[in-house]
There are 2 protein chains.
Amino acid sequence: MPKKKAPPKEATADRIRDAADELFCHVGYDAVSVRDIADRAGVNKALVFYHFTSKADLFERVLERYYEAHRRALASAFEAEGSPRERMHRMIDAYLDFMAENARYAVLVQQQISNPETHPLVEKNLAPLYRWIEHAISEVAPHAGPGGPRQLFVTFSGLVINYFTYAPMLARVWDRDPLGAPMLEERRRHVHWIVDLLLDDIERGAP
Amino acid sequence: MPKKKAPPKEATADRIRDAADELFCHVGYDAVSVRDIADRAGVNKALVFYHFTSKADLFERVLERYYEAHRRALASAFEAEGSPRERMHRMIDAYLDFMAENARYAVLVQQQISNPETHPLVEKNLAPLYRWIEHAISEVAPHAGPGGPRQLFVTFSGLVINYFTYAPMLARVWDRDPLGAPMLEERRRHVHWIVDLLLDDIERGAP
DNA sequence: TAGCAATTTGACCGTTCGGTCAATCCGGGC
DNA sequence: GCCCGGATTGACCGAACGGTCAAATTGCTA
């Protein structure tokens, strides 16, 4: 049996991708050079172009891993059994958990959405995911208008993701770490409180 | 009387700053070169360094104008007469109006918060503004915890700003322009609906 | 041990970056 | 007409960028 040569090969490519992940998330795509990535991964710069065709390609690989994990987390939470409201709460919990574990992802997503150059990637990965979320929300808020799924999608997403994109500044405004367990739990209870209030009012037929 | 030579002088520096404003907001700080800015302003590149000490200084001037306008808009809306709830609604309207008129500002703020290199600027300009907003919210939600001003600040800010940072992607997910008057009005009604629901529940002493 | 392919390296390329500087332009007071 | 100071320009600099390539290294198989 030929021994797998995969382990060392994958280890190197993974180390490069992990280094790129950290750097891209911290200061953005343009502010990171391939030399920075290679240095952090402890390899020669040319090796980056051996394992990845270009800097942009490396960025795509970093993003795809996040997008796929994000999609799986939300889908498995929402597709299980339970009432629509229970599934909505579970999906929001999954979103919060995913963001807490991948705090830098929020920054990457915002950069992606804001930068027109990356819109093809957004259309390919992010837009379908969001169309799916909006469809899931329409199960609990079927009517159109100001209380409908279109606006609720932005609101629910913002309730979660905005907390993490604001985190670096909240750490300066507050005296506590916004990504620590106590504050994350406070945020979670806050979001669920709002979601229940909104769904109650929608069921009442108000908006 | 000596004639003011200010008009042409200010006009040139303003044209450079306006060009920088547009470009920074569209693709971010790093992706814009001083040559791009000079070309768009229709002046020589060296002239940028005559009117501004560096590219970073030019970026600060662009930001300061936004920060100051943002601060004035919110303060004048909140400091007028009325019940705390009325003033809160007015402040949110002012925030929405300001964002609609300066849609690119949302992107700049997110970039500022995410980039550790710019944290001194955030501490100087953005953090005091947000401390002030959080204090204003504490007038309508005095208690701490998951329904307290700390979480409500993130939520109210996110309800507004996230709509504009998401706008480029919403334009792709929806079939309508999210920054057009009809959708902006729908968002406004949506946000006010939520704010009233939350404040009702807080007055009821629920959270 | 020889050989082969995958992996890794250092040196190099053309381009663009932010920033500098001496020279020129230009309008208003003498 | 002349000059003077602010405004403007083109030419230039060193550094860093993404990317390439031939050579060297490594690890497996025969």
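Proteins come first, then strands; the chains are lettered A, B, ... in the order of their sequence lines, and each starts at number 1. Just the heavy atoms: all of them, side chains too, but no hydrogens, waters or symmetry mates, feed the values below. The shown structure was predicted, so the numbers you read here are calculated from the model rather than taken from an experiment.
- Note: A/Phe52 CZ to A/Leu47 CG = 9.5 Å, rounded to the nearest 0.5 Å.
- Classification of B/Glu22 and B/Arg15 as a salt-bridged pair fails, no side-chain N sitting under 4.0 Å from a carboxylate O.
- Taking only side-chain nitrogens and oxygens, A/His51 comes nearer than 4.0 Å to OP1 or OP2 of C/dT8.
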- Message: Can you build the contact string for nucleotides 9-25 of chain C? Use B for base contact, S for sugar-phosphate-only contact, and - for no protein heavy atom under 4.0 Å.
- Response: BB------BBBBB----
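- When the P atom of D/dG19 is taken as reference, atom CZ of A/Phe52 falls 13 Å away, rounded to whole Å.
- Contact between the side-chain N/O atoms of A/Thr12 and the OP1/OP2 oxygens of C/dT8 is found at a separation under 4.0 Å.
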Using a 3.5 Å cut-off and no angle test, enumerate the donor-acceptor pairs between side-chain atoms of residues 103-112 of chain A and protein atoms at least two apart in sequence or in another chain.
from	atom 1	to	atom 2	distance (Å)
A/Arg104	NH1	A/Asp21	OD1	3.3
A/Tyr105	OH	A/His70	ND1	2.8
A/Gln112	OE1	A/Tyr67	OH	3.3

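- Under a cut-off of 6.0 angstrom, the local environment of NE2 in A/His26 is sparse, with at most 12 non-hydrogen atoms contributed by other residues, nucleotides or ligands.
- One can place CD1 of A/Ile37 at 12 Å from C1' of D/dC17, the figure rounded to the nearest angstrom.
- Within the structure, the ring-ring contact (aromatic ring centres under 6.0 Å, His included) test picks out the following pairs touching residues 144-164 of chain B (sequence neighbours left out): B/Tyr130-B/Phe153.
- The structure places OG1 of A/Thr155 at 8.5 Å from CD1 of A/Ile137, a figure rounded to the nearest 0.5 Å.
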